J.: 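The structure that follows is given in the form of structure tokens.
Side-chain atoms are counted along with the backbone in the values below, which use heavy atoms only and exclude waters and symmetry mates. Below, chain A is the first sequence line, B the second, and so on; all start at residue 1. None of these values were measured; they are calculated from a predicted model.
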Amino acid sequence: MIRVEQLRKSFGTLEVLKGITVEIRKGEVVSIIGPSGCGKSTFLRCLNLLEQPTAGSIHVDGVDILDRRAEVARLRQRMNMVFQSFNLFSHLSVVANLTLGPIRLKGMEPKAAREKAIELLRLVGLAEKADSYPDELSGGQKQRVAIARCLAMEPEVILFDEPTSALDPTMVREVLSVIRRLAKEGMTMVIVTHEMDFARDVSSRVLYFDQGVIHEEGTPDQIFDHPQRDRTRAFIHRIRSLTRRFASPDFDLYALNAEVEAFCEKQILSRPVRDNLLLLIEESLQLCRPFLAVGGLEMTLSHSETTDRTELVWTAPGVRLNPLDGEDLEDALSLNLVRNLCASADHEWVDGVNRLKLVLKTGSES
Amino acid sequence: MDIQTHTSGAATVVVLSGKLDTVTAPAFEKRIREVIGTGAVRLVLDLSAIEYISSAGLRGLLVMSKLLKEKQGKACLVGVKGNVRSVFEMSGFLTFFRAEETVEAAVAALG
């Protein structure tokens, strides 16, 4: 239905979309997720030409919509959009907001347009608000009116640009339930959203956008339960990380501790977890000492908000050397503490790089 | 880390506070050598103000134990609690060192 190839969009020197290629089929519900500023909304606005792409192509049912002869108004009827900020006409009643487009653009009779509008308002649970004005409605009600207005144009595709971002949490559900209903009825939809549970439930496919490209795509199961790429995993599990490099054995342990403590405070980690983490870092640094004498060492500390997993990874290039195999008696105490503090401790040597992965025990495991 | 010493009966009480880790363990070892060097062979090590201990600190305690053994001396710990206690438990040090609740009990235990 929609075929996008190598779509690029720049604002001045800033390239926001760096080559998006994707196909959206009829009846699909495609959710677009990703960090702020990754190009999700820009992509949606390019689809219905609210932004003019810098390069690439968009075909809708085989028609090149970037062709200068393309009828933009007709395209927007087929591919209508629901905005984060509702964009209702505040000087028009709810029903007039719904009938304006069908009467002006589709030449519909006012009476028929009103009947259709009331039917759609009933669908979104707002028939009794037909003669109210937008300012008399709550945010959730305004967004449901915006969805009904979009449906009034009988679009083949609806583009939702963060439809719940401007709503109080209590109003999010009422809007999402309307979108869920449309999904069940087979409406083709592309939804930019930060509501992960919703995206998981409603989508047939999920696109994870990052740094202006589709970094990963798949079914909700694939993206939410088995993400393949590190950046997707970090986003899905809300993983925050801290990376530090050590070039010599004369590093400043207290400066490192201060950074780790600040990290723990930011992630709201408990005092016992923080103490165990500081100990794990000091003890594993002791075990990794041989790396400091040669090529240096890198530490990545990460914590997942969703799984509560705290992981410490040490990487060092060089010959294969497993710090967990240390026979040095000096290291026996450190090794014992590391094993006691960790739910798992694994070493691997891949492409000439040693990687020691330590997963801190959670409260229930210790 | 701060180290203070005083005598209580026949024992020398060494009061530690702060962190006993890679950075401070050498200073602890040096001070303990000095204390034992003066002839003190009954040591009470008060750890109640220690907020953090790592294996480096534990190694310092082993050095102390070895030096005392050479002089037929002995040590007793006090205030092994919280985070410090869990490190002692993980490393098995609680079976290696005698520990008492109070300095008085530790002094009495050393005879």
J.: With only heavy atoms counted, which part of A:L278 is less than 4.5 Å from chain B, the side chain, the backbone, both or neither?
T.: both
J.: Quick check on B:D2: does its CG atom have over 12 non-hydrogen neighbours (other residues, nucleotides or ligands) under 6.0 Å away?
T.: yes
J.: So, do B:Y52 and A:N257 sit near enough that their side-chain heavy atoms are less than 4.5 Å apart?
T.: no
J.: More than 12 heavy atoms of other residues, nucleotides or ligands under 6.0 Å from CG of A:L14: yes or no?
T.: yes
J.: Count the heavy atoms belonging to other residues, nucleotides or ligands that lie under 6.0 Å from OH of A:Y254, then report whether that count exceeds 12.
T.: yes
J.: To the nearest 0.5 Å, tell me how far A:I281 CD1 sits from B:S54 OG.
T.: 12.5 Å
J.: For the CD atom on B:E101, are there more than 12 heavy atoms of other groups (residues, nucleotides or ligands in this structure) within a distance under 6.0 Å?
T.: no
J.: Return the CG to OG distance between A:N276 and B:S86, rounded to the nearest 0.5 Å.
T.: 6.0 Å
J.: If you take all heavy atoms of B:I53 and A:L279, which pair is closest and at what distance?
T.: O-CD1, 3.5 Å
J.: For the CD atom on B:E70, are there more than 12 heavy atoms of other groups (residues, nucleotides or ligands in this structure) within a distance under 6.0 Å?
T.: yes
J.: Take a 6.0 Å sphere around CZ of A:R271 and say whether it holds more than 12 heavy atoms from other residues, nucleotides or ligands.
T.: no
J.: Please check if the number of heavy atoms outside A:R173 that lie under 6.0 Å from its CZ is greater than 12.
T.: no
J.: Would you find a donor on one side and an acceptor on the other, under 3.5 Å apart, between the side chain of A:E282 and the backbone of B:D21?
T.: no
J.: How far does CE of B:M90 sit from CG of A:L333, to the nearest 0.5 angstrom?
T.: 11.5 Å
J.: If we define contacts as heavy-atom pairs under 4.5 Å, which of A:L337, A:L285, A:L253 has the most with chain B?
T.: A:L337
J.: Report the distance from atom CG of B:L58 to atom CD of A:E283, rounding to the nearest 0.5 Å.
T.: 7.5 Å
J.: Is any side-chain heavy atom of B:E51 closer than 4.5 Å to one of A:D275?
T.: no
J.: Would you say A:N340's side chain and B:S91's backbone share a donor-acceptor pair under 3.5 angstrom?
T.: no
